[in-house]
Amino acid sequence: MITHRSYAVEPWTVRETELSLDVLAQSESVFALSNGHVGWRGNLDEGEPHGLPGSYLNGVYEIHPLPYAEAGYGYPESGQTVIDVTNGKILRLLVDDEPFDLRYGRLVSHERTLDMRRGVMERTCEWVSPAGTTVRVRSTRLVSLAQRSIAAVAYEVEAVGSQARVVIQSELVANEQLPESKGDPRAAMALQAPLEPEEDFASGSRLRLVHRTRHSGLRVAVAADHVVTGPQRTTTGSESHPDLARLTVASVLEPGEKLRVEKTVAHGWSGARSLPAMSDQVDAALAAAAHGGWDGLVGQQREYLDDFWARADVEVDGDEEIQQAVRFALFHVLQAGARAEERAIPAKGLTGSGYDGHAFWDTEMFVLPVLTYTSPDAVAEALRWRQNTLPAARERAAQLGLRGAAFPWRTIEGEEGSAYWPAGTAAFHVNADIAHAVVRYVAATGDEDFERDTGMELLVETARLWRSLGHHDHRGTFHIDGVTGPDEYSAIADDNTYTNLMARANLLAAADVVERHPKEAERLGADDEESAAWRDAAEAMNIPYNGELGVHEQHAGFTRYQRWDFAGTRADQYPLLLHFPYFDLYRKQVIKQADLVLAMYTCGAEFDEEHIARNFAYYEPLTVRDSSLSACVQAVIAAQAGHLRLAYDYAAEAALMDLEDLEHNTRDGLHIASLAGTWMALVTGFGGMRRSGETLEFAPRLPEKFSRLAFSLQFRGRRLRVEITQQSATYTLLAGPSLRIRHHGERVTVNPDSPVSHPVPPPLHRPAPEQPPHRKPNAR
Ligand code: BGC
């Protein structure tokens with residue numbers, strides 16, 4: 001765990017001013033660069049020392065058998081796991097016969113900076129070799145947001161004080177050795193040597209390796225080209241082997257002289273394309289990148305990010321750490337989704353191999369909300385990926401005896417990758433989450449083509465699932481039994497409120513869309529009768545409520561369970577899943593992560609303010625936040641219920657999850673949902689932003705510490721800027737025609753060129769609820 005503040009607090013950068021080898025793996029995640037297609041962990045240029053080497057290509061995975069002690073019908077037979085592909089980052093350095101390895105010699109200084117405006121990671125260090133030669137090394141690395149297959153490094157070494165003989169070996173390395181994973185179920189299984197060599201090539205400054213995964217049959221091609229600048233006496237040579245291609249650059253540097261290698265790396269993969277086609281593809285990508293050279297890549301990156309920040313930046317006055325953290329969060333959310341293009345957005349993005357590189361509902365319920373209002377095109381792409389996986393989801397539904405599509409709980413390629421039913425396929429809510437994301441995207445963009453070509457099919461197939469999964473009882477009430485909601489400490493429960501409310505919205509949205517597009521509905525075989533059945537189910541949906549306590553039940557019967565023995569649970573026994581059997585968690589009132597509380601956020605119109613406060617007070621003392629998906633949601637509802645102080649603490653927890661390694665597993669990759677949750681906590685928590693149909697509503701109230709919060713949103717062809725202080729909120733239309741919104745319930749029209757301000761009402765005063773012992777968020 002990072003126990004001290006590891007990074008300087010600055011608004012646009014994350015800067016590490018000294019190297020701590022004991023937290024190297026965490027910092028590799030924090031400094032990871034990605035564009036959603038290629039991901040490079042922040043490994044040191046020289047390759048070693050490392051925590052976890054990682055180079056990923058979104059969608060490249062290997063299959064492994066899923067062993068069961070007792071097999072059963074419908075259990076997935078194989079799992080998918082992300083693999084470490086050919087590493088193009090490596091530039092090894094030899095100084096006067098000694099390897100530049102920071103574990104030896106003397107490190108005078110070492111600084112790494114993630115620059116979120118320029119989209120680069122910079123490193124400078126000064127090192128004295130064991131034999132006493134001093135060199136300064138500077139490197140700049142980027143994964144291009146503009147050119148999807150490209151990553152690049154500029155590596156420069158300078159002799160300081162005396163002459164130095166230096167050799168730089170720029171490499172492509174396949175099948176790197178990976179450290180063993182240590183039995184944490186959230187880490188990845190490390191597959192050793194998953195790539196079979198197909199081609200290796202080196203000529204002049206050009207290198208290329210092509211491999212194929214053994215079982216999943218995916219071809220991976222990585223090529224590199226170089227521009228070398230140095231003194232005249234510099235020589236170069238290249239060679240290749242099945243798992244290694246290398247350019248060697250040797251020189252003698254007089255004091256003050258520099259040797260610089262600009263390395264551009266192109267990546268490609270395919271399950272269908274031939275070996276020559278893949279080789280050509282990466283060569284062509286290099287040619288495109290060479291066009292503008294290194295400066296061109298750096299310039300494009302800046303342009304791309306200028307555009308992003310103009311749409312997406314969140315400004316916070318009054319808490320510098322949160323300011324930095326929310327930009328860090330937005331930067332990584334963008335990196336995870338920017339160029340994923342019809343591929344999944346995994347729970348860790350491409351920053352590490354945690355959760356085997358799988359995507360979960362995290363995408364639709366945490367990541368896509370941010371992207372919907374900041375980079376909507378990426379949302380359409382992510383949902384098209386779901387559409388592309390419909391054949392697998394339909395097959396899964398059929399296997400389970402259900403209609404429509406049953407999307408996987410966790411996956412890379414679309415097949416169910418969970419071997420554990422209760423916290424896997426039984427979490428059917430993922431289907432309604434996908435539908436919710438479709439509705440949100442269409443409402444926020446008005447993208448009718450998408451609705452017709454992609455959204456509709458997703459809505460219809462998920463509605464069919466709900467209709468066949470649930471049933472009307474003798475009174476006509478509709479139930480969905482035996483499912484797992486978001487809280488994974490309850491499983492296979494009846495009528496999970498979140499699931500039922502989300503399914504209800506799913507059924508109604510499907511019925512609406514079928515009526516709007518009758519021709520396409522016919523193509524999908526959906527008729528009036530079917531949509532009437534969806535409406536019947538939706539209207540008769542059971543929403544469990546305990547009248548005596550005056551609270552909604554997380555699922556039918558939940559409030560009757562015995563309470564978990566919180567007083568008898570020690571601080572070091574969290575997360576509970578690593579210390580107690582699931583059967584005991586399942587039968588007690590103890591909550592891993594916001595569930596009913598999440599329902600109050602995503603289906604807010606179903607709850608009045610009184611119930612929001614009462615439910616929150618009931619569920620808070622039961623919620624242990626053993627998932628990083630919880631704090632941000634609790635922040636939002638705490639803010640709505642008037643507990644601004646508590647909301648602030650939760651928002652900070654979500655925001656600092658990775659910068660402070662709060663869950664002790666940042667080494668495996670960043671918690672992308674929690675990062676996205678930072679935006680959620682600020683914009684929908686303190687900004688009180690909700691969408692009701694095609695209207696944006698705001699109910700802003702800032703915590704005491706904030707003097708100002710400002711953010712921009714893309715909405716139906718507009719760009720709206722919202723600026724909130726303790727006293728008032730100002731709405732400004734930066735682009736697009738007039739927009740009608742609501743401010744604390746009041747109708748407001750925002751016209752171009754005329755910002756409108758409205759007062760922020762005084763805070764609500766309610767006693768803040770308690771959390772379980774040891775589970776209070778850190779007070780800020
Ligand atoms: C949470 C899930 C989440 C998964 C991946 C689990 O710990 O309980 O809700 O989808 O992590 O982030």
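Both counts, for ligands and for their atoms, begin at 1 and track the order of listing. Worth knowing before you read on, the calculation uses all heavy atoms, side chains too, and leaves out hydrogens, waters and symmetry mates.
- Under 4.0 Å from ligand 1, the heavy atoms of Leu629 that appear belong solely to its side chain.
- For the residue pair Asn500/Asn542, the side-chain donor-acceptor check at 3.5 Å is not satisfied.
- Ring centroids of His643 and Phe616 are separated by less than 6.0 Å, placing the two rings close together.
- Numbered from 1 in the order shown, with element, the atoms of ligand 1 that lie under 4.0 Å from a heavy atom of Trp361 read 2 (C), 3 (C), 9 (O), 10 (O).
- Residue contacts with ligand 1 for His671 are absent, since no atom lies close enough (heavy atoms, distance under 4.0 Å).
- Looking at Met365, Gln593, His358, it is Gln593 that brings a heavy atom closest to atom 1 (C) of ligand 1.
- Distances between N or O atoms of Asp362 and those of ligand 1 include at least one value under 3.5 Å.
- Residue Lys592 has at least one heavy-atom neighbour below 4.0 Å for each of these atoms of ligand 1: 1 (C), 6 (C), 7 (O), 8 (O).
- A donor and an acceptor atom, one from each side chain of Gln634 and Tyr650, are located under 3.5 Å apart.
- For Arg41 and Phe31, the positive end is not near the middle of the six-membered ring at less than 6.0 Å and at most 45° from its axis.
- With 3.5 Å as the limit, one finds no donor-acceptor pair spanning the side chains of Asp495 and His555.
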